[in-house]
Peer 1: 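Starting off with a structure, shown below.
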Amino acid sequence: MDVSLILDSLNKAQRDAVTTNVSALLVLAGAGSGKTRVLVHRIAWLIAVEGLAPHAIMAVTFTNKASKEMKHRIESLLGRSSGDMWIGTFHGLAHRLLRAHARDADLPDTFQILDSDDQLRVIKRVMKEMTIDENEWPAKQAMWFINQQKDEGRRPKDIRHQGDLFTSTYTNVYYQYQNACQVGGLVDFAELLFKAYELIRDKQHLRDHYQERFQHLLVDEFQDTNGIQYAWIKLLTSKSCKISIVGDDDQSIYGWRGAKIENIQKFENEYDDTKIIKLEQNYRSTGNILKAANAVIANNLERMGKNLWTDDNEGEPISVYAAFNEQEEARFIANQIKDWVEQGKSYSECAILYRSNAQSRVLEEFLLQRQIPYRIYGGLKFFERAEVKTTLAYVRLMYNRQDDAAFERVVNVPARALGPKSIAIIREKARENNTTLWQAAQVVAEEKLLTPKASQSLFNFLNLVHQCFEDFNDLPLSEQIQLTIEATSLDQLYAKEKGEKALARKENLAELANAAREFDSDDYPDLLPMTAFLAHASLEAGDNQAQQYEDCVQMMTLHSAKGLEFPLVFMAGMEEKLFPHMMSMDEPDKLEEERRLAYVGITRAMKKLYLIHTEKRRLYGKETYPRISRFIKEIPDSVKQDVRLNSQIEQPAFSQMGSQINGGDDSNQFRLGQTVAHPKFGNGVILNHEGDGSQARVQVNFDSVGAKWLMLAYARLEAV
DNA sequence: ACGTCTACCGTTTTT
DNA sequence: CGGTAGACGT
């Protein structure tokens, strides 16, 4: 292969990163600096120039999207299939290992993956069986506790505590839950990683094999790795395997779900023969946007240090808009988008970013009103939808009768007179005989331990599952799915529902059969096609919206915006307590993570960035008078510009807005929404007023102290 | 077994 | 304020 093809399109730093020959390379890649490109070209370099065999390479990402993109780009650069390399997500590769060595991992060949929803159900059931009061000990918290322990590589026996009730209670739940999973052949997401780690750690023949096989490990988004992922990487690279990692400590925003920024910070000391290369040239944003981003992130203390720069010109200043309230915020954004489109540009170039999902509703209303097409990211994925999960639970149960989670999900759907009472009896039987629910149900049905009607019903259910599975024979996947939907009468159940929902459900089920038809099980030649499909459904929950190809405005949280870029970006709700969020303001570490989130948001913008905050916001049904976010204040004045309310050519948001407040004499004429200065409190915005003449009072939201009522006659306010 | 009422809660999310 | 989960009643 021609080396120039690999290197020509790269800048100096990128070229270094691609060609450097050390045992451990850290590429600190700023936002928009071409990190995926470096990763892909480095792999090409390793193969084409250093002569590494493709099967000796492993490349790990966090999301399916990233791994697909990497595969794709490698293939188009190398002009060959990437099939012999191990490229995938942490969970995908862990799954692959566990499938290949299920016995060694102490798992049945038929093991199933639990998604978070399934996991919570199982935990709830376990806790009920332990008669733990769910009001006092929320199952959600138990799940969080268990996953956190697993992310840190701790089994129940490894958890140290001095008898405090919290830890001991949840450790017990962990123990029982793990037991239930073992019996049912169930593996949750955290367990995939943990088990894959234990597998390599404890089975010497496998450790030797993989440590020898993999000669170069590449990891994307290293700042997001958690404890167990790190340990797994360390294990694989502890012999001769070289490692290249790419990441950006300034974009570490997932600390709250176990990611450890220290992993990237300490990398240099943890490995021998290391080299750090910084990619600081940004190809995405204008100079002003980068200045803003650099200035904000400079306020963080725990940084490895990096400064983005660009060859591009300064571009427009960043616009800061003080909206009166969230409706006006939404209206402003809608107007700007209209303007943008009228200039001949497209909706899909615009993104509205916010800190929390709750903010999307008002924004959505106004876009709808203005007939601006939009797409909201987040929400239920395809394979997470109730009807899809129920159908797949039937299939799971057919293929694996041990699967108690699946059994419970479907035993009374559609309703077949097997209510809580009947199920309790089955569960009791299962505990008594120490069997699965399926086996217990058989006993219960045979011995007719339920009411005659329920017994018959249970018998029919067992038969149904059994018979349907028999009928599968060697039918193609999609026909197995179709058969399941019909045999279980799920189609009729959903047809009975009223209105739009029924239609959506019907479509989703049709789409499920379709997904099965298109599914390619070649990645797992040793697995039954359906087993592979079920794993695929859990590991790649799919997209969440249908009309994604339409030209529409992109709305999403700041978190989901990571990795994306848009010519026009709005960051809404730039207010203290909302962003930085109230829950993350008190601890320095959490605040720094919020600031990194702001950095991520700012660096999404290519051409133009708007920061919007409100003077007044309804939050949980209460009026609040938020102060402007510190992150706006951290941006130097030289690159930002206030959008003046009175220069807006539009109808006022409220009839009273813009109306004169009569303060008695001509020197005291103010409007709602106007910015004023007070000798003691500094600048603020007029929110409200009451009374006339010498009794006139105004409410002003001050940047320094928040909202205050002042007597207009005494307050010595000046227009700004 | 299903619908209605109430009490509670309320960042961020991928796999 | 608005969604939801679980209790409670028909």
Peer 1: For A:N412 and for A:E540, find the nucleotide of DNA chain B with the closest heavy atom, then tell me which residue's nucleotide is more 5'.
Peer 2: A:N412
Peer 1: Could you grab the distance from atom CG of A:N357 to atom CE of A:M556, nearest 0.5 Å is fine?
Peer 2: 11.5 Å
Peer 1: Among B:dT11, C:dC1, B:dT15, which nucleotide has an atom closest to any side-chain atom of A:Y620?
Peer 2: B:dT11
Peer 1: Between A:K124 (NZ) and C:dT4 (P), how many Å, whole number?
Peer 2: 13 Å
Peer 1: I'd like to know if A:D117 and A:R409 make a salt bridge, using a cut-off of under 4.0 Å between side-chain N and carboxylate O.
Peer 2: yes
Peer 1: Send over the distance from A:R617 CZ to B:dG10 P, rounded to a whole Å.
Peer 2: 19 Å
Peer 1: Strictly below 4.0 Å: does A:T557 bring a side-chain N or O up to OP1 or OP2 of B:dT13?
Peer 2: yes
Peer 1: For A:N64, which contact category applies under a 4.0 Å heavy-atom criterion: base, sugar-phosphate, or nothing?
Peer 2: sugar-phosphate
Peer 1: Return the value, rounded to whole Å, for the distance between atom NE2 of A:H559 and atom C1' of B:dT12.
Peer 2: 4 Å
Peer 1: Between the side chains of A:E384 and A:K389, is the shortest nitrogen-to-carboxylate-oxygen separation below 4.0 Å, so that they form an ion pair?
Peer 2: no
Peer 1: A:N357 near the nucleic acid: base, sugar-phosphate alone, or nothing, with a heavy-atom cut-off under 4.0 Å?
Peer 2: sugar-phosphate
Peer 1: To the nearest angstrom, how far is A:L120 atom CG from C:dT4 atom C1'?
Peer 2: 14 Å
Peer 1: Is A:Q119 touching bases, backbone alone, or none of the nucleic acid, heavy atoms closer than 4.0 Å?
Peer 2: nothing
Peer 1: Starting from the 5' end of DNA chain B, give me the residue, A:A190 or A:A417, whose nearest nucleotide shows up first.
Peer 2: A:A417
Peer 1: Taking only the side-chain heavy atoms of A:R355 (C-beta and beyond), determine which of C:dG6, B:dT15, B:dT12 contains the nearest atom.
Peer 2: B:dT12
Peer 1: Name the orientation of the base relative to the sugar in B:dT11: syn if the glycosidic angle is within 90° of 0, else anti.
Peer 2: syn
Peer 1: Does a sphere of radius 6.0 Å around CZ in A:F459 hold more than 12 heavy atoms from other residues, nucleotides or ligands, not counting ones at 6.0 Å or beyond?
Peer 2: no
Peer 1: Can you tell me which nucleotide in C:dG2, B:dT15, C:dC1 comes closest to the side chain of A:R618?
Peer 2: C:dC1
Peer 1: Is it the case that the side chains of A:E615 and A:Y625 hold a donor-acceptor pair, with the cut-off being a distance below 3.5 Å and no angle test?
Peer 2: no
Peer 1: Can you tell me whether the side chain of A:S560 and the base of B:dT13 have a donor-acceptor pair closer than 3.5 Å?
Peer 2: no
Peer 1: In whole angstrom, give the distance that lies between atom CD1 of A:I253 and atom P of B:dT14.
Peer 2: 11 Å
Peer 1: Starting from P on B:dT12, measure out to OH on A:Y377 and report it in whole angstrom.
Peer 2: 18 Å
Peer 1: Please state the P separation for the pair B:dT12 and C:dA5 - nearest whole angstrom.
Peer 2: 16 Å
Peer 1: Would the A:F145 and A:Y174 ring centres measure less than 6.0 Å apart?
Peer 2: no
Peer 1: In whole Å, what separates the P atom of C:dT4 from that of B:dT11?
Peer 2: 13 Å
Peer 1: Report yes if the ring of A:H581 lies under 5.5 Å from the six-membered base ring of B:dT11 with planes under 30°, and no otherwise.
Peer 2: yes
Peer 1: Taking the six-membered ring for Trp, does A:W256 stack with B:dT12 (centroid gap under 5.5 Å, planes within less than 30°)?
Peer 2: yes
Peer 1: Take the protein atom CG of A:D151 and the nucleotide atom P of B:dT14, then report the distance between them rounded to whole Å.
Peer 2: 16 Å
Peer 1: Expressed as a whole number of angstroms, how long is the span from A:K562:NZ to B:dT14:C1'?
Peer 2: 11 Å
Peer 1: State whether A:K590 places a side-chain N or O below 4.0 Å from either non-bridging phosphate oxygen (OP1 or OP2) of B:dT12.
Peer 2: no
